[in-house]
Amino acid sequence: VPELPEVETTKRGIAPALLGARVLEATVRERRLRWPIAANFELVVRGQTVRSVERRAKYILIGFESGTLILHLGMSGSLRLVKPGIAPRVHDHWDLHLDNGWVLRFHDPRRFGSLHFTAADPLAHPLLRKLAPEPLSDAFDADYLYRATRKRKVAIKQLLMNSQVVVGVGNIYASEALFHARVAPRRRAGRVTRVEAARMAAAVKRVLAQAISIGGTTLRDYVDPEGSPGYFRQELFVYERAGSACRVCRSPVKQIAQGQRSTYWCSTCQR
Ligand SMILES: [Zn+2]
């Protein structure tokens, strides 16, 4: 599943080819994504010039003069830049043909991705308007996280993964951040201290920023006509390391189920 660092890396990978380019034509091969692609999509983007490429949570926003494309990679989606002669593969659902010789191509075997166009402020769109702060923004800090945990009975890991508290902290990064913050994943959110909230906010930022910086080294994959952007993985401390020695204390890493997801943690390092 593409997590926030993969989406940010995708945005950075495609932006240079998109900015200032004009859409010659849009081609849709499969409209049935998570929501159907609007019937007028090809018409509204034709002739439009890309003015901005942004990210909000796990949405990529491609801004034109007349509006904004809001796209989501879903469970298995990826974007590539290909040359016009490259034949589409199975599950290549739509293309944007640009006047600079690039084709932006969307691939998604499971079709949980989405594509919307809005002529209004994209941040006011129903998909985006209620989103919580970005984890890498100044709005997500020790004070904010401490306040968000008060009187909450839910486990701290569930709270970190709640997109109404902070967006884009998926299962991998919640486990890893809690390890670095030395907070046990099942701790009741309302019981974490201010100092722990500060450690958690810093750890979330650090694991995400590190993953994005590692992703930066794979940018060339976005213009590889044969391959698909390989999702990268930084050196993980606990995630999917059940039974292996903790990299800090050598105790075996533990695995538990939380909200139907696996949580990995070290019961010696995390309290
Ligand atoms: Zn440990």
Side-chain angles (χ1 to χ4, degrees), residues 1-19 21-46 48 50 52-64 68-118 122 127-128 168 170-172 211-212 214-233:
V1 176
E3 297 235 27
L4 186 144
E6 285 86 2
V7 179
E8 176 66 23
T9 301
T10 297
K11 184 206 84 175
R12 294 181 188 186
I14 64 173
L18 265 62
L19 286 169
R22 195 165 57 86
V23 177
L24 298 177
E25 189 183 16
T27 308
V28 179
R29 294 178 206 88
E30 174 58 85
R31 308 197 92 84
R32 295 169 301 168
L33 301 184
R34 180 169 184 183
W35 296 284
I37 297 176
N40 66 351
F41 164 69
E42 292 92 325
L43 200 62
V44 294
V45 297
R46 184 178 302 151
Q48 293 288 314
V50 177
S52 61
V53 182
E54 309 279 347
R55 179 188 59 76
R56 175 72 172 106
K58 289 178 17 177
Y59 293 92
I60 292 173
L61 311 179
I62 300 177
F64 300 104
T68 306
L69 283 183
I70 301 174
L71 64 98
H72 197 286
L73 302 177
M75 304 287 286
S76 59
S78 58
L79 287 162
R80 287 188 304 153
L81 292 161
V82 298
K83 290 296 180 182
I86 305 289
R89 302 168 301 173
V90 178
H91 309 303
D92 280 348
H93 301 313
W94 56 259
D95 291 344
L96 285 186
H97 295 260
L98 305 173
D99 68 348
N100 59 8
W102 286 113
V103 176
L104 180 68
R105 179 164 285 173
F106 180 68
H107 180 81
D108 186 5
R110 296 181 65 182
R111 289 196 276 118
F112 279 103
S114 65
L115 178 63
H116 291 84
F117 182 87
T118 179
L127 289 172
L128 303 185
N171 202 34
I172 299 173
I212 291 167
I214 291 168
T217 64
T218 68
L219 284 184
R220 64 182 179 278
D221 293 337
Y222 289 89
V223 295
D224 175 356
E226 301 303 322
S228 53
Y231 292 123
F232 43 88
R233 184 162 284 183

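If you read the sequence from its start, that first residue is 1, and numbering goes on from there. What you are looking at is a predicted structure, and each value in this text was computed from that prediction instead of being measured. Side chains are part of it too, since the values below use all heavy atoms of this structure and drop only hydrogens, waters and symmetry mates.
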**Q** Find out whether Ile70 and Phe117 are in side-chain contact, i.e. whether some heavy atom of one side chain is under 4.5 Å from a heavy atom of the other.
**A**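 No, too far: nothing below the 4.5 Å cut-off.
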**Q** Report the residues that fulfil ring pair (Phe, Tyr, Trp, His ring centres under 6.0 Å) with Phe41, sequence neighbours left out, ordered by chain and then residue number.
**A**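 For Phe41, no residue satisfies ring pair (Phe, Tyr, Trp, His ring centres under 6.0 Å) once neighbours in sequence are set aside.
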**Q** Gly168 and Leu4: which non-hydrogen atoms are nearest, and at how many Å?
**A**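 Closest approach of Gly168 to Leu4: O-CB, 3.4 Å.
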**Q** If you measure from NE2 on His91 to OG on Ser76, what distance do you get to the nearest 0.5 Å?
**A**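 Going from NE2 on His91 over to OG on Ser76, the span is 8.5 Å.
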**Q** Let me see the working for Leu104 and Val82 under side chain to side chain contact (heavy atoms under 4.5 Å, CB included), right down to the final yes or no.
**A** CA-CA 7 Å; Leu104 180 68; Val82 298; over 6 Å; no
**Q** What distance separates Glu25 CD from Arg46 CZ, expressed to the nearest 0.5 Å?
**A**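 Between Glu25 CD and Arg46 CZ, I get 6.0 Å after rounding to 0.5 Å.
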**Q** According to side chain to side chain contact (heavy atoms under 4.5 Å, CB included), who are the partners of Pro36, at least two apart in sequence or on a separate chain?
**A**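 Residues passing side chain to side chain contact (heavy atoms under 4.5 Å, CB included) with Pro36: none at all.
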**Q** Using modelled atom types and a 3.5 Å cut-off, is there a donor and acceptor pairing between side-chain atoms of Asp95 and backbone atoms of His97?
**A**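 Flag not set: sc Asp95 to bb His97 has no pair under 3.5 Å.
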**Q** State, to 0.1 Å, how close Pro2 and Gly77 come at their nearest heavy-atom pair, and which atoms those are.
**A**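 Closest approach of Pro2 to Gly77: CG-O, 3.7 Å.
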**Q** Please report the interatomic distance CG(Asp108) to CG(Leu115), rounded to the nearest 0.5 Å.
**A**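 CG of Leu115 is found 11.5 Å from CG of Asp108.
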**Q** Do Leu61 and Val53 have side chains that approach each other closer than 4.5 Å (heavy atoms only, starting at C-beta)?
**A**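 They are not in contact (no side-chain heavy atoms under 4.5 Å apart), so the answer is no.
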**Q** With sequence neighbours excluded, tell me which residues meet salt bridge (charged side-chain N to carboxylate O under 4.0 Å, His left out) with Glu42.
**A**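 Result, salt bridge (charged side-chain N to carboxylate O under 4.0 Å, His left out) vs Glu42: Arg31.
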**Q** Under the side chain to side chain contact (heavy atoms under 4.5 Å, CB included) rule, collect the residues that match up with Val23, sequence neighbours excluded.
**A**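 Once residues adjacent in sequence are excluded, the partners of Val23 under the side chain to side chain contact (heavy atoms under 4.5 Å, CB included) criterion are Val45, Phe64, Leu96, Leu98.
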**Q** Checking Pro88 now: which residues fulfil side chain to side chain contact (heavy atoms under 4.5 Å, CB included) with it, not counting sequence neighbours?
**A**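 Listed in chain order: Arg29, Asp92, Arg105.
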**Q** Taking only residues two or more places apart in sequence or in another chain, which ones pass ring pair (Phe, Tyr, Trp, His ring centres under 6.0 Å) with His72?
**A**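 His72 satisfies ring pair (Phe, Tyr, Trp, His ring centres under 6.0 Å) with Tyr59 once adjacent residues are dropped.
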**Q** What's the verdict on side chain to side chain contact (heavy atoms under 4.5 Å, CB included) for Trp35 and Leu127, showing C-alpha distance, side-chain angles and the deciding distance?
**A** CA-CA 12 Å; Trp35 296 284; Leu127 289 172; 3.7 Å; yes
**Q** What residues form a salt bridge (charged side-chain N to carboxylate O under 4.0 Å, His left out) with Glu8, not counting sequence neighbours?
**A**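 Result, salt bridge (charged side-chain N to carboxylate O under 4.0 Å, His left out) vs Glu8: Lys11, Arg12, Arg55.
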**Q** Kindly give the heavy-atom pair with the smallest separation between Ile60 and Leu79, and that separation in Å.
**A**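 Heavy atoms only, the tightest pair is CD1-CD1, 4.0 Å.
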**Q** Return yes if some donor-acceptor pair links the side-chain N/O of His116 with the main-chain N/O of Leu69 below 3.5 Å, else return no.
**A**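 No, the answer is negative, given that no donor and acceptor are paired below the 3.5 Å cut-off.
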**Q** Using the test salt bridge (charged side-chain N to carboxylate O under 4.0 Å, His left out), find all partners of Glu30 that sit at least two apart in sequence or belong to another chain.
**A**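 Partners of Glu30 under the salt bridge (charged side-chain N to carboxylate O under 4.0 Å, His left out) test: Arg32.
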**Q** Using salt bridge (charged side-chain N to carboxylate O under 4.0 Å, His left out) as the criterion, list what pairs up with Arg110, not counting sequence neighbours.
**A**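 Expected list: none.
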**Q** Checking the side chain of Asp99 only, and the main-chain atoms of Leu24 only, is there a donor and an acceptor separated by less than 3.5 Å?
**A**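 A pair under 3.5 Å: no.
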**Q** Do Ile37 and Trp94 come within less than 4.5 Å of each other through their side chains, counting heavy atoms only?
**A**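 Yes, at least one pair of side-chain atoms sits under 4.5 Å.
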**Q** Assess whether side chain to side chain contact (heavy atoms under 4.5 Å, CB included) is satisfied between Glu3 and Ile172, documenting all intermediate values.
**A** CA-CA 9 Å; Glu3 297 235 27; Ile172 299 173; 3.7 Å; yes
**Q** Minimum heavy-atom separation for Pro122 and Thr68, please, with both atom names.
**A**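 Scanning both residues, the minimum pair turns out to be CG-OG1, 3.7 Å.
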**Q** Check step by step if side chain to side chain contact (heavy atoms under 4.5 Å, CB included) holds for Arg34 and Arg111.
**A** CA-CA 6 Å; Arg34 180 169 184 183; Arg111 289 196 276 118; over 6 Å; no
**Q** If only atom types and distance count, is the side chain of Asn100 paired as donor or acceptor with the main-chain N or O of Ala17 below 3.5 Å?
**A**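 Yes, because the side chain of Asn100 sits within donor-acceptor range (under 3.5 Å) of the backbone of Ala17.
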**Q** Can you find a heavy atom in the side chain of Leu73 that is under 4.5 Å from one in the side chain of Phe106?
**A**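 Yes, at least one pair of side-chain atoms sits under 4.5 Å.
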**Q** Could you give the distance from CD (Glu6) to OG1 (Thr9), rounded to the nearest 0.5 Å?
**A**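 Reported value, rounded in 0.5 Å steps: 7.0 Å.
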